[in-house]
Amino acid sequence: MAGATLRDVARRAGVSIRTVSNVVNASVPVSEELRTRVEAALEELDYRPNLVARNLRRGRTGMLALVVPELDVPYFAELAREVITAARAHGYVVMLDQTDGDGERERELLGRGSRATMFDGLLLSPLAISADELRRRANRVPVVLLGEHIFNGDFHHVAIDNVAAAREATEHLVAMGCRRIAAIGDQPYSTGETAQLRTVGYRQALEQAGVPVDDSLIVSTPRFHRRLGAQAMRRLLALPEPPDAVFCYNDLLALGAMRELTKAGVRVPEDIAVVGVDGIQEGEYSSPTLTTIAPDKAHIARTAVGTLVSVIEGTAPPPADSRAPYRLVVRDSSRRA
């Protein structure tokens with residue numbers, strides 16, 4: 001029945017409108033017998049709640065915001081898709097914005113006069129803002145943090161274990177027999193915590209395998225972009241003794257590095273093996289296909305959205321770091337005969 005109302009459902013189920021409302025909104029417990037009758041009537045009439053009216057009654061907008069550093073980075077685009085799917089399951093619409101990793105834009109977003117007050121909650125992947133600044137924010141819109149910025153359990157935060165992920169990627173290269181394993185993407189400054197964690201994991205794997213760490217093989221990049229991966233690879237190829245493998249801190253760096261290797265006539269993986277991080281779809285279609293650490297983006301999205309909704313509704317547990325699963329996907333860029 002198109003456009004069925006609560007009154008229509010109540011009539012079909014033989015109950016009061018209030019009982020139907022209690023079942024639909026899960027606001028007051030009802031008997032199992034009544035719940036079954038109402039749910040059957042809801043399905044028969046194909047009842048669709050008026051989410052706009054419901055949100056207005058609750059003083060909410062029905063919208064969440066997802067704010068990331070760069071929307072044109074494939075990882076964030078793929079994550080946004082999963083967030084939208086997860087939010088839809090909770091009856092929310094997602095609006096997207098980006099900060100370009102600029103600290104002032106992140107601070108502005110969390111200010112008292114921010115347009116973030118248009119949203120019921122905020123999913124934020126910060127790069128520049130500190131934990132102290134987040135604690136002091138004037139805007140009290142519920143926030144769940146994404147990414148690997150370190151917050152020490154002060155906020156709801158969803159991320160993979162970057163140290164373990166980097167260690168596993170490097171161990172894979174060691175197991176292949178590689179010994180001069182380079183790393184592209186270190187960021188030795190205050191906002192480069194994600195990269196620093198991956199450097200820790202890289203070093204741990206080498207040390208545990210008894211492979212000396214050669215600091216000349218660790219190349220820093222200000223961002224995780226293809227162009228910077230290519231530049232770093234050129235620098236590594238110019239060394240008196242180039243590497244026999246390279247662990248790149250994201251897939252875009254790895255794709256840039258592989259492009260540079262191809263231009264230089266270096267075979268991948270026969271001469272230099274390559275591994276990235278992020279599990280973006282582009283890596284499935286590169287030539288050669290890219291070995292990668294693939295975070296479970298759907299899990300990240302479901303966990304982050306579910307946590308944010310529980311914060312909005314006042315039912316969330318105390319803030320904590322939530323570790324999302326990941327897996328090593330071995331493809332041609334590190335698969336030797």
*Are Val277 and Val174 co-members of a hydrophobic cluster defined by side-chain heavy atoms under 4.5 Å apart?*
yes
*Would a 4.5 Å heavy-atom cut-off, applied to side chains only, mark Phe224 and Cys248 as touching?*
no
*asked:* Is a donor from one side chain sitting under 3.5 angstrom from an acceptor on the other, for His299 and Glu82?
replied: no
_More than 12 heavy atoms of other residues, nucleotides or ligands under 6.0 Å from CD of Gln281: yes or no?_
no
*For Thr19 and Ser16, test the side chains for any donor-to-acceptor distance below 3.5 angstrom and give the result as yes or no.*
yes
*Rounded to the nearest 0.5 Å, what's the gap from CG on Leu237 to CZ on Arg234? Could you check?*
9.5 Å
*asked:* Looking at Arg179, I want to see if its CZ is surrounded by more than 12 non-hydrogen atoms of other residues, nucleotides or ligands under 6.0 Å.
replied: yes
*Salt bridge check: are Glu282 and Arg226 linked by an N-O gap of less than 4.0 Å?*
yes
*Can you say whether the rings of Tyr202 and Phe247 are parallel (under 30°), tilted (30 to 60°) or perpendicular (over 60°)?*
parallel
*Looking only at side chains, do His157 and Ser322 share a donor and an acceptor under 3.5 Å apart?*
no
*Can you find a side-chain donor-acceptor pair between Thr99 and Asp102 that sits under 3.5 Å?*
no
*asked:* Is it the case that over 12 heavy atoms from other parts of the model lie below 6.0 angstrom from the CD atom of Glu43?
replied: no
*Establish whether Val329 and Leu79 are linked, either directly or via other cluster members, by ILVMFWY side-chain heavy-atom contacts under 4.5 Å.*
no
*In plain terms, say whether Arg107 and Glu104 are close enough for a salt bridge, that is, a side-chain N and a carboxylate O under 4.0 Å apart.*
yes
*Looking at CG of Leu145 and NE2 of His156, how far apart are the two atoms once the value is rounded to the nearest 0.5 Å?*
9.5 Å
*Show your working on side chain to side chain contact (heavy atoms under 4.5 Å, CB included) between Val274 and Leu290 and close with a plain yes or no.*
CA-CA 7 Å; Val274 180; Leu290 178 63; 4.1 Å; yes
*Working for salt bridge (charged side-chain N to carboxylate O under 4.0 Å, His left out), residues Asp100 and Arg105*: CA-CA 8 Å; Asp100 297 313; Arg105 294 190 67 176; 2.8 Å; yes
_Side-chain (Lys297) to main-chain (Gly279) donor-acceptor, under 3.5 angstrom_ = yes
*asked:* Nearest 0.5 Å, please: how far is CG in Leu308 from CG in Leu122?
replied: 7.5 Å
*Please report the closest heavy-atom contact between Ile280 and Asp251, naming both atoms and the distance.*
N-OD2, 3.0 Å
*State the CG-CD distance between Leu206 and Glu171, to the nearest 0.5 angstrom.*
9.5 Å
*Would you mind reporting whether Val213 and Asp215 have side-chain heavy atoms less than 4.5 Å apart?*
yes
_With a 4.5 Å cut-off on side-chain heavy atoms, are Leu127 and Glu106 touching?_
yes
*Would you check, one step at a time, whether the test side chain to side chain contact (heavy atoms under 4.5 Å, CB included) holds for Glu284 with Thr289?*
CA-CA 5 Å; Glu284 297 181 50; Thr289 55; 5.7 Å; no
*Any side-chain heavy atom of Val305 sitting closer than 4.5 Å to one from Val144?*
no
*Considering non-hydrogen atoms only, spot the tightest contact between Val83 and Ala301 and give its length.*
N-CB, 3.5 Å
*asked:* Check for me, please, whether Leu328 and Ile160 land in the same ILVMFWY cluster - side-chain distances under 4.5 Å, paths through other members count.
replied: yes
*If you take all heavy atoms of Gly229 and Ile184, which pair is closest and at what distance?*
O-CD1, 4.2 Å
_Side-chain touch Pro288/Arg331, heavy atoms, less than 4.5 angstrom_ = no
_Test applied, side-chain contact (heavy atoms from CB on, under 4.5 Å); reference residue, Asp120; option that passes from Ile312, Val309, Val141_ = Ile312
*Do the charged groups of Asp214 and Arg180 touch, with an N to O distance under 4.0 Å?*
yes
*Kindly give the heavy-atom pair with the smallest separation between Ala41 and Ala13, and that separation in Å.*
CB-CB, 3.9 Å
*Would you check, one step at a time, whether the test side chain to side chain contact (heavy atoms under 4.5 Å, CB included) holds for Gln208 with Arg167?*
CA-CA 10 Å; Gln208 290 169 9; Arg167 187 169 59 240; 3.9 Å; yes
*OH of Tyr249 to CG of Leu197: how many Å apart, nearest 0.5 Å?*
10.0 Å
*Would you kindly say whether Ser220 and Tyr189 are connected by a side-chain donor-acceptor distance under 3.5 Å?*
no
_Heavy-atom closest pair, residues Thr292 and Asp278_ = OG1-N, 3.4 Å
_Just so I know, are the side chains of Leu255 and Arg259 near enough to count as touching, which here means a heavy-atom distance under 4.5 Å?_
no
*N/O donor-acceptor pair under 3.5 Å between Thr303 side chain and Ile300 backbone*: no
*Are any of the side-chain heavy atoms of Thr262 and Val268 separated by less than 4.5 Å?*
no
_Measuring from atom CG of Asp186 to atom OG1 of Thr194, what distance do you get when rounded to the nearest 0.5 angstrom?_
11.5 Å
*More than 12 foreign heavy atoms under 6.0 Å from CZ of Arg18: is that the case here?*
no
*Is there side-chain contact between Gln187 and Pro222, with heavy atoms separated by less than 4.5 Å?*
no
*Run the numbers on Val211 and Ile181 for side chain to side chain contact (heavy atoms under 4.5 Å, CB included), then give the verdict.*
CA-CA 9 Å; Val211 177; Ile181 301 172; 5.9 Å; no
*Minimum-distance pair of heavy atoms, taken over all atoms of Gly276 and Ala254*: CA-CB, 4.1 Å
*Is the side chain of Arg7 donor-acceptor paired with the backbone N or O of Ile17 at a distance under 3.5 Å, no angle test?*
no
_Strictly distance-based, threshold 3.5 Å: is any side-chain N or O of Thr315 a donor or acceptor partner for the main-chain N or O of Val311?_
no
*asked:* Has Ser333 got a side-chain atom pairing as donor or acceptor with Thr291's backbone, closer than 3.5 angstrom?
replied: yes
*Taking Arg37 for its side chain and Gly14 for its backbone only, find out whether a donor-acceptor pair lies under 3.5 Å.*
yes
